[in-house]
Amino acid sequence: MADQKEQFRKIVAAAINQFRTQNNIEGNDISADEIRVETPPKPEMGDLGFPVFVLAKSFHMAPPAIAKGVAEIISGAASNGAELGGVKPTETGTFLAAGPYVNVKLNKESAALDILRLVKNQGENYGSLGTDGKKPFEGRKVMVEYSSPNTNKPLHLGHMRNDALGESVSRILKKAGADVFRTNIINNRGVHICKSMLAYKLFHEKNGDTPESLGMKGDHFVGQCYVEFDRYFKGEKDKPETAHPEAQKMAEEMLVKWENGDAEVRALWEKMNKWTLDGVKETYARTGVDFEKLYFESDTYLLGKEIINEGLEKGIFFKADDGSVRIDITSVVGKDRDGNPQSKVLLRSDGTSVYITQDIGTAIKRHEDWPYNQMVYVVASEQIYHFKVLFHILRQLGFDWAEKLYHLSYGLVNLPSGRMKSREGTVVDADDLIDNLHADALKAINDKGRDEAVGNPDEVAEKVALAALHYYLLQVTPIKDMLFNPEESLSFTGNTGPYLQYMGARIASILRRSHEQGVEPDSSDEALQLLTHDSEWALIKEIGRYPDVVKRAAEDLDPSQVATYLYDVSKSFSSFYRDCPILSLAGENPKLAGARLELCEATLTVLKSAMELVLVPFLERM
């Protein structure tokens, strides 16, 4: 269908230009690349639609009138056997006006042949290649930063959405042909890190406690220390006399010691950082998240301080009355409520760095390491202000590549109830969340008596848990806040990851059974031209959309488009399988049965590919 869409664009563009000439409308001709393609809401309206809204202003005409005129020109060319844009309309389909759209009803037989041949020939590469045989993002270098954990606590539910978005966007960009470099900034220094370290010294050092001695993952143990500091600082509830307000100052003093290279503080820092990172890496391995390079705040903040001091000398930054180094950001964020200019602290009055200090250093180091065409920061919407300021600072420093920076902002994620609270008691721990999903999936397998059928129930339960988690987090447009409902995510019906896994396993089972019965897919022209049933045609059209879905999702950095597409394909296959018998038809009509098996294979190829893009593990049996 991708090739046919290019032909349709040429036909419609040529007809629009001819319509312009006939009506003496001033302006430049439009190219085929400018023609948008959409899917009509109802099949009877056509298979593809070309909106003409954008022409209304320059043509000084209502869109329906333009659509009617363009459709008449195409119909006239078709009846005369003439070409438009180098293509004969009669060889592609029937064009008609539908309100402000020029729609086309495809020639089913030829379209089915084109689409299914393309899937078979390209195999795993289907979805990557455009009409010119090239990948749409070929030659583009994109760096993607995501996860960004702190080394004072384990990953939580918010990280899971971040990780899923970052990994999925990276896979989609790669599928579209981009050279992708996945990075992760480890926030391993600062006052918050020192708080965990201080708690360790107060409550664990004397006993020689370690994650191993306490039977805990390293990140969970360090996270516990962080909570212990908070309780020590605030005191017991309703007992203010048990609070230790001096603890904050102690943590700040520890940070100064760390920045001055104090040997004892540095040794404790290295030990506790390793505990956390070892634990976090276990969670990454479990969820299928990976990176080409890890950057550490401790390695880049000094570069940031150096750059800021240079900017201070050049007058880009200024020293405030309190001794801090700042930059005026009024042009980016506007004046405050009182109408005063706003500034951002880049170095505290004591000379220590703030969060944005290391981000400046990291951004510069990254571009030196791997010059990119685009840099995507996957960070929650809470940090919109931060990235506006960061990008502004880098532009003020004269880095032209700052124009290539993009903040992929995503909304907050919460649970609808207090279920599965973490060890900290304040956030939803990622490991606990997956463990609970795993246990629930395993119970469902056991309750349905599928233990032997699925092979290894524990491995399958883990994959179902990951599918439930990742798909639920990715099916929502990134910018929207969302509630993660564990029970809904694990449903084997409806718009869920396990449902997609079920559909994939179902198709795999159909192909296995057909092979056992000696009935094989048939990709001959004679067979494929028999696929004219409405349910067959609906499924073929969905399969034909896949390259456009990949391209659009890559352009928009939006995995929810792939998630929605997967569900659409699954629903179409379900209707096809309900309406179109396969094995029971093999005796009386082997060609049609073989063609339908070929359609099953093409569907499975697309499902496997798209599931990989949204981190849903494929299951042969379920």
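- The distance from atom CD of Q358 to atom CG of N188, rounded to the nearest 0.5 Å, is 9.0 Å.
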**Message:** Before you tell me yes or no, could you show the steps for L490 and T496 under side-chain contact (heavy atoms from CB on, under 4.5 Å), namely the whole-Å CA-CA distance, both residues' side-chain angles and the distance that decides it to 0.1 Å?
**Reply:** CA-CA 7 Å; L490 275 171; T496 68; over 6 Å; no
**Message:** Please determine whether salt bridge (Lys or Arg N to Asp or Glu O under 4.0 Å) holds for the pair R171 and E167, giving the CA-CA distance in whole Å, both sets of side-chain angles, and the decisive distance to 0.1 Å.
**Reply:** CA-CA 6 Å; R171 294 183 186 187; E167 184 68 29; 3.1 Å; yes
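- Put simply, CG on L615 and CG on L473 are 10.0 Å apart, with the number rounded to the nearest 0.5 Å.
- Within 6.0 Å of CD on Q122 lie more than 12 heavy atoms contributed by other residues, nucleotides or ligands.
- Every side-chain contact (heavy atoms from CB on, under 4.5 Å) that L483 has, sequence neighbours left out, goes to N414, P416.
- Among residues at least two apart or in separate chains, there is no side-chain hydrogen bond (donor to acceptor under 3.5 Å, both in side chains) pair with a member in residues 501-510.
- Electrostatic pairing of E516 and R512 does not count as a salt bridge here, judged by no charged N lying under 4.0 Å from a carboxylate O.
- Side-chain polar atoms of T151 and T276 form no donor-acceptor pair below 3.5 angstrom.
- Side chains of Q475 and T564 form no contact here, defined as non-hydrogen atoms less than 4.5 Å apart.
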**Message:** One pair to check against side-chain contact (heavy atoms from CB on, under 4.5 Å): V562 and L474. What are the steps and the verdict?
**Reply:** CA-CA 9 Å; V562 178; L474 292 172; over 6 Å; no
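- Under a 3.5 Å cut-off, the side chain of N373 and the backbone N or O of V142 do not form any donor-acceptor pair.
- When the shell of 6.0 Å around NZ of K551 is examined, it contains 12 or fewer heavy atoms from other residues, nucleotides or ligands.
- For Y472, the ring-ring contact (aromatic ring centres under 6.0 Å, His included) criterion is met by F484, not counting sequence neighbours.
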**Request:** Test N162 against S148 for side chain to side chain donor-acceptor pair (under 3.5 Å), laying out the working first.
**Result:** CA-CA 9 Å; N162 185 305; S148 307; 5.6 Å; no
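- Side chain of N456 to main chain of D458: a donor-acceptor pair is present (N/O by atom type, distance under 3.5 Å, no hydrogens or angles).
- Using modelled atom types, one finds a donor on one side chain and an acceptor on the other under 3.5 Å when comparing E520 with H515.
- A salt bridge between E124 and K608 is absent, with no side-chain N of the basic residue lying under 4.0 Å from a carboxylate O of the acidic one.
- Atom CZ of R36 has 12 or fewer neighbouring heavy atoms from other residues, nucleotides or ligands inside a 6.0 Å radius.
- Listed for the K175 side chain is a donor-acceptor partner under 3.5 Å among the backbone atoms of Y126.
- Put simply, the side chain of S491 gets close to the backbone of T493: a donor and an acceptor are under 3.5 Å apart.
- The distance from atom CZ of R513 to atom CD1 of I582, rounded to the nearest 0.5 Å, is 8.5 Å.
- Proximity of D163 to S147: side-chain heavy atoms (C-beta onward) are separated by under 4.5 Å at one or more points.
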**Prompt:** Can I185 and F296 be said to form a side-chain contact (heavy atoms from CB on, under 4.5 Å), step by step?
**Reply:** CA-CA 6 Å; I185 178 67; F296 295 87; 5.7 Å; no
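- Looking only at side-chain heavy atoms (C-beta outward), F492 and K448 come within less than 4.5 Å of each other.
- D299 contributes atom CG, which lies 9.0 Å from atom OG1 of T362 (distance to the nearest 0.5 angstrom).
- For the pair S168 (side chain) and L613 (backbone), a donor-acceptor distance under 3.5 Å is present.
- The pair K293-D369 meets the salt-bridge criterion, since a charged nitrogen lies less than 4.0 angstrom from a carboxylate oxygen.
- Taking all atoms of both residues into account, the shortest heavy-atom contact from M622 to A505 is CB-CB, 3.8 Å.
- Pairs engaging residues 159-190 under the ring pair (Phe, Tyr, Trp, His ring centres under 6.0 Å) rule: H156-H159, F181-W370 [sequence neighbours left out].
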**Asked** Which is it for E297 and R189 under the side-chain contact (heavy atoms from CB on, under 4.5 Å) test, yes or no, and what are the steps along the way?
**Response** CA-CA 7 Å; E297 182 181 350; R189 59 161 298 282; 2.9 Å; yes
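- Rounding to the nearest 0.5 Å gives a distance of 5.0 Å between SG of C600 and CD1 of I510.
- With a 6.0 Å radius and a threshold of 12 heavy atoms from other residues, nucleotides or ligands, E452 has its CD atom at or below the threshold.
- Side-chain contact between L173 and L557 is present, with at least one heavy-atom pair separated by less than 4.5 Å.
- Side-chain contact between L599 and I543: present, with at least one pair of heavy atoms (C-beta onward) separated by less than 4.5 Å.
- In this structure, D548 and V37 have side chains that are not in contact, with every pair of non-hydrogen atoms separated by 4.5 Å or more.
- A salt bridge links E462 with R286: the closest approach of a Lys/Arg side-chain nitrogen to an acidic carboxylate oxygen falls below 4.0 angstrom.
- Annotation: ring pair (Phe, Tyr, Trp, His ring centres under 6.0 Å) contacts involving residues 431-467, sequence neighbours excluded, are absent.
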All N/O donor-acceptor pairs, side-chain side in residues 566-576, below 3.5 Å, sequence neighbours left out:
from, atom 1, to, atom 2, distance (Å)
S570, OG, L566, O, 3.0
S572, OG, D568, O, 3.1
S575, OG, K571, O, 3.3

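- Listed for the R161 side chain is a donor-acceptor partner under 3.5 Å among the backbone atoms of G411.
- Two residues are said to be in side-chain contact when any heavy atoms from C-beta on lie closer than 4.5 Å; H533 and D579 meet this criterion.
- A salt bridge links D431 with K217: the distance from a Lys NZ or Arg NE/NH1/NH2 to an Asp or Glu carboxylate oxygen falls below 4.0 Å.
- With hydrogens and angles disregarded, a donor-acceptor distance shorter than 3.5 Å links the side chain of T605 to the backbone of E601.
- Taking the six-membered ring where the residue is Trp, Y372 and W401 present perpendicular rings, their angle passing 60° and hence far from 30°.
- The existence of a salt bridge linking R140 and D179 is excluded, since no basic side-chain nitrogen approaches an acidic carboxylate oxygen closer than 4.0 Å.
- In this structure, D278 pairs ionically with K274, as a charged nitrogen and a carboxylate oxygen lie closer than 4.0 Å.
- Without hydrogens or angle criteria, H220 side chain to P154 main chain gives no donor-acceptor distance under 3.5 Å.
- The two residues P457 and I445 have their closest heavy-atom pair at O-CD1, 3.9 Å.
- Side-chain contact between T183 and Y146 is absent, with no heavy atoms from C-beta onward closer than 4.5 Å.
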**Asked** side chain to side chain donor-acceptor pair (under 3.5 Å) between Y546 and S609: does it pass, once the steps are laid out?
**Response** CA-CA 10 Å; Y546 187 45; S609 174; 2.7 Å; yes
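- D556 places no side-chain N or O within donor-acceptor distance of the main-chain N or O of D558, the cut-off being under 3.5 Å.
- Ring geometry for Y284 against F291 counts as perpendicular: the plane angle is over 60°, on a 0 to 90° scale with 30° as the lower cut.
- Separating the CZ atom in R366 from the OG1 atom in T300 is a distance of 8.0 Å, to the nearest 0.5 Å.
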**Item:** Working for salt bridge (Lys or Arg N to Asp or Glu O under 4.0 Å), residues K541 and D47
**Value:** CA-CA 8 Å; K541 285 196 295 181; D47 298 306; 2.8 Å; yes
